Chemist: 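Take a look at the following structure, please.
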Amino acid sequence: MSKIAVVYWSGTGNTELMANCIAEGAKDGGAEVDVVNVTGADDFTPEQFGGYDVVAFGCSSQGTEQLEEDAFEPMFTALEESLSGRKIALFGSFGWGDGQWMRDWAERCKAAKATLFDDGLTINETPNDEGQENCRDLGKELAKW
Ligand SMILES: Cc1cc2nc3c(=O)[nH]c(=O)nc-3n(C[C@H](O)[C@H](O)[C@H](O)COP(=O)(O)O)c2cc1C
């Protein structure tokens, strides 16, 4: 059975809803799933990262097309050296932009030689029914990856 972590930061609940749907899909797909809400830089350590087959990282677009800077960014920076060869997926909600934060994030992961599931699942503001279904589908795909 594949062991998956869904590790996210969310300010108003939009990325959190994505995370919960991804986790639901992954469980339906037969994976063992842990969901981690990152509220501090130490909430998901490199040691924890090592315990999973696949990790889905989620963070909404904050700042100016950036990851959230107080908790998620330092948490992710601390993992960056451990990304090489690891299976990860990215997701998150955005607002008025065009998804640049996700393109930058995916490039950063590729530069660190992570094995990215795709270029990241993005949803504008609150996921509607179709968006939630897309998140469940991603979770199912990750379970059999
Ligand atoms: C401080 C702040 C900065 C933001 N910066 C951007 C941005 O650069 N580009 C963008 O598309 N949306 C931006 N947004 C909008 C959020 O990404 C959007 O509302 C998203 O749905 C929030 O998801 P969350 O509830 O998971 O945090 C920003 C929101 C806040 C509060």
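Read the numbers this way: they start at 1 and go in the same order the structure lists the ligands and their atoms. Counting from 1, the numbers follow the sequence of the chain as shown. Keep in mind that what you see is a predicted model, and the values were worked out from it rather than measured.
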Chemist: Out of all atoms in ligand 1, which are within 4.0 Å of some heavy atom of Thr64? Include the element for each.
Modeler: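 Those qualifying, in numeric order: 8 (O).
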Chemist: Counting heavy atoms only, which of Glu16, Glu65, Gln100, Glu125 is nearest atom 18 (C) of ligand 1?
Modeler: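 Residue with the shortest heavy-atom distance to the ligand atom: Glu125.
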Chemist: Taking only Lys NZ, Arg NE, NH1 and NH2, and the carboxylate oxygens of Asp or Glu, determine whether Glu24 and Lys27 approach each other closer than 4.0 Å.
Modeler: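 A salt bridge is absent here (no side-chain N lies under 4.0 Å from a carboxylate O).
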Chemist: Do Ser10 and ligand 1 have an N or O pair less than 3.5 Å apart?
Modeler: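 Yes; the residue has a nitrogen or oxygen that sits under 3.5 Å from a nitrogen or oxygen of the ligand.
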Chemist: Any idea which protein heavy atom is nearest atom 12 (N) of ligand 1, and the distance to it?
Modeler: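 Result for atom 12 (N) of ligand 1: Gly95 N, 3.0 Å.
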Chemist: If you have a sec, work out which protein heavy atom is nearest atom 25 (O) of ligand 1 and how many Å separate them, to one decimal?
Modeler: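 Closest protein heavy atom to atom 25 (O) of ligand 1: Thr12 OG1, 2.5 Å.
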Chemist: Is the distance from the ring center of Tyr8 to that of Phe57 below 6.0 Å?
Modeler: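 So the answer is no for these two rings.
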Chemist: Which is closest to atom 22 (C) of ligand 1 in terms of heavy atoms, Gly58, Cys59, Ser60, Ala19?
Modeler: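 The option holding the nearest heavy atom is Ser60.
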Chemist: Counting non-hydrogen protein atoms only, what is the nearest one to atom 17 (O) of ligand 1? Give residue, atom name and distance.
Modeler: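 Residue, atom and distance for the closest contact: Ser61 O, 2.7 Å.
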Chemist: Nearest 0.5 Å, what's the SG-CE distance between Cys59 and Met18?
Modeler: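 Going from the SG atom of Cys59 to the CE atom of Met18 covers 11.5 Å.
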Chemist: Take a 6.0 Å sphere around NZ of Lys113 and say whether it holds more than 12 heavy atoms from other residues, nucleotides or ligands.
Modeler: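 No, the 6.0 Å shell around NZ holds no more than 12 heavy atoms from other groups.
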Chemist: Could you check which of Trp9, Phe94, Tyr8, Trp96 puts a non-hydrogen atom nearest to atom 28 (C) of ligand 1?
Modeler: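 It is Trp96 whose heavy atom sits nearest to atom 28 (C) of ligand 1.
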Chemist: Identify which of Gly11, Pro127, Gly63 has a heavy atom lying nearest to atom 3 (C) of ligand 1.
Modeler: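 Nearest heavy atom to atom 3 (C) of ligand 1 lies in Gly63.
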Chemist: Taking only Lys NZ, Arg NE, NH1 and NH2, and the carboxylate oxygens of Asp or Glu, determine whether Arg86 and Glu80 approach each other closer than 4.0 Å.
Modeler: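 The answer is no: the pair does not qualify as a salt bridge.
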Chemist: For ligand 1, is there an N or O atom under 3.5 Å from any N or O atom of Ser93?
Modeler: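 Min N/O separation from ligand 1 is below 3.5 Å for Ser93.
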Chemist: Any nitrogen or oxygen of Thr15 lying under 3.5 Å from a nitrogen or oxygen in ligand 1? Just yes or no.
Modeler: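 Yes.
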Chemist: Looking only at the aromatic ring of each residue, does the gap between the centers of Trp105 and Phe91 stay below 6.0 angstrom?
Modeler: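 Ring centroids of Phe91 and Trp105 are no less than 6.0 Å from each other.
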Chemist: Mark up the atoms of ligand 1 that fall under 4.0 Å of a heavy atom belonging to Gly97, in ascending order.
Modeler: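 Here the atoms of ligand 1 in question are 10 (C), 11 (O).
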Chemist: Among all protein heavy atoms in this structure, tell me which lies nearest to atom 1 (C) of ligand 1, with the distance rounded to 0.1 Å.
Modeler: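 Checked against all protein heavy atoms, atom 1 (C) of ligand 1 sits closest to Gln62 OE1, 3.7 Å.
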Chemist: Output the list of atoms in ligand 1 that are nearer than 4.0 Å to some heavy atom of Asn14, sorted by atom number.
Modeler: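 So the answer, numbered in order with elements, is 20 (C), 21 (O), 22 (C), 23 (O), 24 (P), 25 (O), 26 (O).
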Chemist: When rounded to the nearest 0.5 angstrom, what is the spacing between CD in Glu130 and SG in Cys135?
Modeler: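 One gets 11.0 Å once the value is rounded to the nearest 0.5 Å.
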Chemist: Kindly compute the distance separating CG (Leu67) from OG (Ser60), expressed to the nearest 0.5 Å.
Modeler: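 Output value for this atom pair is 9.0 Å.
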Chemist: Verify whether one side chain among Gln100 and Asp104 offers a donor that lies under 3.5 Å from an acceptor in the other.
Modeler: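 Note: Gln100 and Asp104 side chains meet the donor-acceptor criterion.
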